[in-house]
J.: 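Can you read through this structure? Questions will come right after.
Residue numbering restarts at 1 for every chain, and letters A, B, ... go by the order of the sequence lines. Computed from heavy atoms alone, side chains included, the values below leave out hydrogens, waters and symmetry copies.
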Amino acid sequence: MATFQSLPGFRDFYPDDLARRKHIFDLWRRTAHTFGFAEYDAPVLEPLELYKAKSGDEIETQLFSFTDKGGREVALRPEMTPSVCRLVGAKANALKRPIKWFSIAEFYRYERMQKGRGRCFSQFNADIFGEPGPEAEIELIAMLTQCLASFGLTEEDFYVRLSDRNLWFYYLEALGLDDARVRGMLGAIDRFEKYGDDAFKGYVEQFGPLDDVLKTKVVEFLRIKSLDALEQTLGAMGHEKITARLADWKKLLGGLEAMGLSRFIAVDLGVVRGLAYYTGFVFEAFDRKGELRALAGGGRYDDLVEKLGGPALPAVGFAIGDMTFALLLEQRGLMPNFVQAPDIYCVIGGENGRRAAFGDIHALRAMGRRVDYPMKDVAFGKQFKLAADSGAKLALIYGDDEVAKGVVKIRDLTDRTEREVPSAQTIAMVRDYFS
RNA sequence: GCGGUCAUAGCUCAGUUGGUUAGAGCACAAGAUUGUGAAUCUUGGGGUCGCGGGUUCGAGUCCCGUUGGCCGCCCCA
């Protein structure tokens with residue numbers, strides 16, 4: 001038993017694990033590039049204040065934070081948003097708009113582990129800065145669906161729930177709630193799906209008994225699942241902001257429909273995504289079966305760049321976590337089995353064969369071919385088995401017979417055919433085979 | 001921060017009301033087999049039974065503590 005083990009919630013990545021992670025990262029990255037997003041990164045360690053400024057002092061209990069040797073209060077990053085806001089904010093005037101950026105990075109949170117949640121995890125983050133209209137949401141939600149669909153997941157597997165904190169603000173204001181009550185009510189709405197009427201307990205404690213008519217209107221509203229229903233409920237109110245907002249909704253849903261993505265989208269006013277800094281549309285991706293934690297979440301945060309010391313800059317973003325996503329892929333049988341196969345495996349007999357093989361091995365590797373061979377003398381029979389097990393397509397055979405004849409035997413491991421070629425032509429033959 | 005549950009080989013597990021030197025399969029390695037592929041056979045390495053303490057003539061087994069895993073609550077940026 002090992003004396004040392006990894007810290008609680010942290011993960012070792014053995015080659016098989018890393019292959020799976022790399023598969024996920026590669027497809028995310030490729031997808032982001034197809035959408036015209038540019039990749040960036042930021043420090044793993046940031047000033048503690050950066051996170052306090054965004055989320056409040058309580059956040060510290062959930063951070064890996066400490067005082068460094070220079071007396072600075074620092075924290076391992078728990079998320080990317082504050083960092084990217086700093087990056088963008090610092091050069092906002094010099095960056096071409098719209099700013100479409102993504103990153104794939106590891107994050108750290110001091111929390112209890114649960115299914116799909118650990119103390120370190122990776123996220124794909126994507127943000128658009130400088131675009132105030134729903135065009136940015138169209139682009140991001142389209143990319144979010146593609147980031148999941150590119151693994152073979154379909155509308156049977158996941159969907160994106162779409163809601164709008166602005167509409168809630170306008171609606172609750174129109175119902176006569178002041179700012180504090182609106183905030184309290186949004187908290188209740190967020191919990192309603194899970195707790196039903198109990199979700200209003202906190203609100204009642206804070207603001208007194210809840211008017212039945214008001215409650216009915218709120219519950220009706222949060223049950224809205226379509227644009228038609230939204231328009232029916234709100235259209236008649238003659239509220240100027242609401243009317244304008246409904247136009248944004250039409251543009252957003254129309255854009256996603258034109259991209260052929262309607263099957264992934266569910267209007268659901270029951271989503272408000274906690275408290276935080278969201279200011280407009282919010283969206284979350286879930287598995288259809290509802291068995292897992294959220295796959296991804298995002299929304300508009302138009303005030304945050306300015307709040308963190310930058311210029312006023314509208315922004316929308318989302319993040320996909322790797323843990324829940326990997327669980328979903330495993331569940332649906334969409335996680336491939338990765339074999340790190342060489343292209344070529346060399347079968348070597350004796351010292352003469354080894355000397356002959358080494359020259360070719362190095363030349364082939366220099367050409368970019370993956371070549372492997374047994375480091376110690378091994379019985380021929382076993383070497384052929386090793387060659388087959390390795391997944392290589394070709395075996396190059398350097399036995400005493402071949403060396404004596406000045407040839408190399410090339411065995412095609414896929415169709416089990418063999419032929420001898422003069423030693424000097426081996427490299428060329430192999431190159432032709434793979435071209 | 002709170003609760004449930006579990007911990008025996010690299011993995012999956014067995015281990016009787018407490019009893020002698022803790023087992024199996026898989027995996028890994030060597031050999032049968034220095035010349036041809038997923039087989040077979042033989043053999044081997046690997047365990048302070050998570051850790052610490054207690055009860056007992058005797059603890060993998062019972063008790064207490066602790067650490068860690070998994071699951072849930074709070075939270076979820």
J.: For A:Gln62 and A:Gly350, take the nucleotide of RNA chain B holding the closest heavy atom to each; which residue's nucleotide lies nearer the 5' end?
T.: A:Gly350
J.: Considering only the C1' atoms, how many Å lie between B:U36 and B:G69, rounded to the nearest integer?
T.: 46 Å
J.: Taking any heavy-atom pair under 4.0 Å as a contact, classify A:Arg191: base, sugar-phosphate, or nothing.
T.: sugar-phosphate
J.: Go through the steps to decide whether A:Glu106 and A:Tyr108 satisfy the test side-chain hydrogen bond (donor to acceptor under 3.5 Å, both in side chains), and finish with yes or no.
T.: CA-CA 7 Å; A:Glu106 194 167 46; A:Tyr108 311 88; 2.9 Å; yes
J.: Looking at residues 371-406 of chain A, who's got a heavy atom less than 4.0 Å off RNA chain B?
T.: A:Ala379, A:Phe380, A:Phe384, A:Lys385, A:Ala388, A:Ile397, A:Gly399, A:Asp400, A:Asp401, A:Glu402
J.: My understanding is that only residues two or more places apart in sequence, or in another chain, count here; which of them pass side-chain contact (heavy atoms from CB on, under 4.5 Å) with A:Ser55?
T.: A:Ile59, A:Glu79
J.: Below 4.0 angstrom, which residues in residues 312-332 of chain A have at least one non-hydrogen atom near RNA chain B?
T.: none
J.: Mind checking A:Pro78 for me? I need base, sugar-phosphate or nothing, with any heavy atom below 4.0 Å counting as a touch.
T.: base
J.: Working note: A:Glu39 + A:Ser103, criterion side-chain hydrogen bond (donor to acceptor under 3.5 Å, both in side chains); need CA distance, chi angles, decisive distance, verdict.
T.: CA-CA 5 Å; A:Glu39 188 168 9; A:Ser103 68; over 6 Å; no
J.: Is the distance from the ring center of A:Phe25 to that of A:Phe124 below 6.0 Å?
T.: no
J.: Hey, does the Lys NZ or Arg CZ of A:Arg245 hover above the aromatic six-ring of A:Phe281, less than 6.0 Å from the centre and inside 45° of the axis?
T.: yes
J.: The criterion is side-chain contact (heavy atoms from CB on, under 4.5 Å); which residues satisfy it with A:Asp415, sequence neighbours excluded?
T.: A:Asp412, A:Thr417
J.: Test salt bridge (Lys or Arg N to Asp or Glu O under 4.0 Å) on A:Asp197 and A:Lys215; report intermediate values, then the result.
T.: CA-CA 9 Å; A:Asp197 282 355; A:Lys215 183 178 154 186; 3.3 Å; yes
J.: Please determine if A:Arg77 forms a cation-pi arrangement with A:Phe107, meaning its NZ or CZ atom is less than 6.0 Å from the six-membered ring centre and no more than 45° off the ring axis.
T.: yes
J.: Ignoring hydrogens and geometry beyond distance, is a side-chain donor-acceptor pair present between A:Gln206 and A:Arg181 at under 3.5 Å?
T.: no
J.: For RNA chain B, what string of dots and brackets results from 5' to 3' when Watson-Crick and G-U pairs need both distances under 3.5 Å, crossing pairs get [ ], and pairs with another strand get |?
T.: (((((((..((((.....[...)))).(((((.......))))).....(((((..]....))))))))))))....
J.: Any carboxylate oxygen within less than 4.0 angstrom of a Lys/Arg side-chain nitrogen, looking at A:Arg369 and A:Asp343?
T.: yes
J.: One pair to check against salt bridge (Lys or Arg N to Asp or Glu O under 4.0 Å): A:Arg183 and A:Asp178. What are the steps and the verdict?
T.: CA-CA 9 Å; A:Arg183 245 175 266 280; A:Asp178 62 25; over 6 Å; no
J.: Indicate yes or no: does A:Lys289 engage A:Asp287 in a salt bridge with an N to O separation below 4.0 Å.
T.: no
J.: Send over the distance from A:Arg117 CZ to B:C73 P, rounded to a whole Å.
T.: 9 Å
J.: Let me see the working for A:Glu131 and A:Arg97 under salt bridge (Lys or Arg N to Asp or Glu O under 4.0 Å), right down to the final yes or no.
T.: CA-CA 8 Å; A:Glu131 176 49 63; A:Arg97 312 288 177 87; over 6 Å; no
J.: NA contact type, A:Lys52, heavy-atom cut-off 4.0 Å: base, sugar-phosphate, or nothing?
T.: nothing
J.: Let me know the distance between CG of A:Asp16 and P of B:G10, rounded to the nearest Å.
T.: 17 Å
J.: Quick check on RNA chain B: between A:Glu79 and A:Met113, whose nearest nucleotide comes earlier from the 5' end?
T.: A:Met113
J.: Just do the salt bridge (Lys or Arg N to Asp or Glu O under 4.0 Å) check on A:Arg411 and A:Glu418 with the steps written out, would you?
T.: CA-CA 4 Å; A:Arg411 180 175 176 85; A:Glu418 286 183 350; 2.9 Å; yes
J.: Quantified in whole Å, what is the P atom distance between nucleotide B:G65 and nucleotide B:G47?
T.: 31 Å
J.: Tell me which residues in residues 290-307 of chain A put a heavy atom below 4.0 Å from RNA chain B, sorted by number, or none.
T.: A:Arg293
J.: In terms of side-chain heavy atoms of A:Glu418, which of B:A77, B:C73, B:U36 is nearest?
T.: B:U36
J.: Can you identify which nucleotide, out of B:C76, B:G37, B:C2, has its nearest atom closest to the A:Arg112 side chain?
T.: B:C2
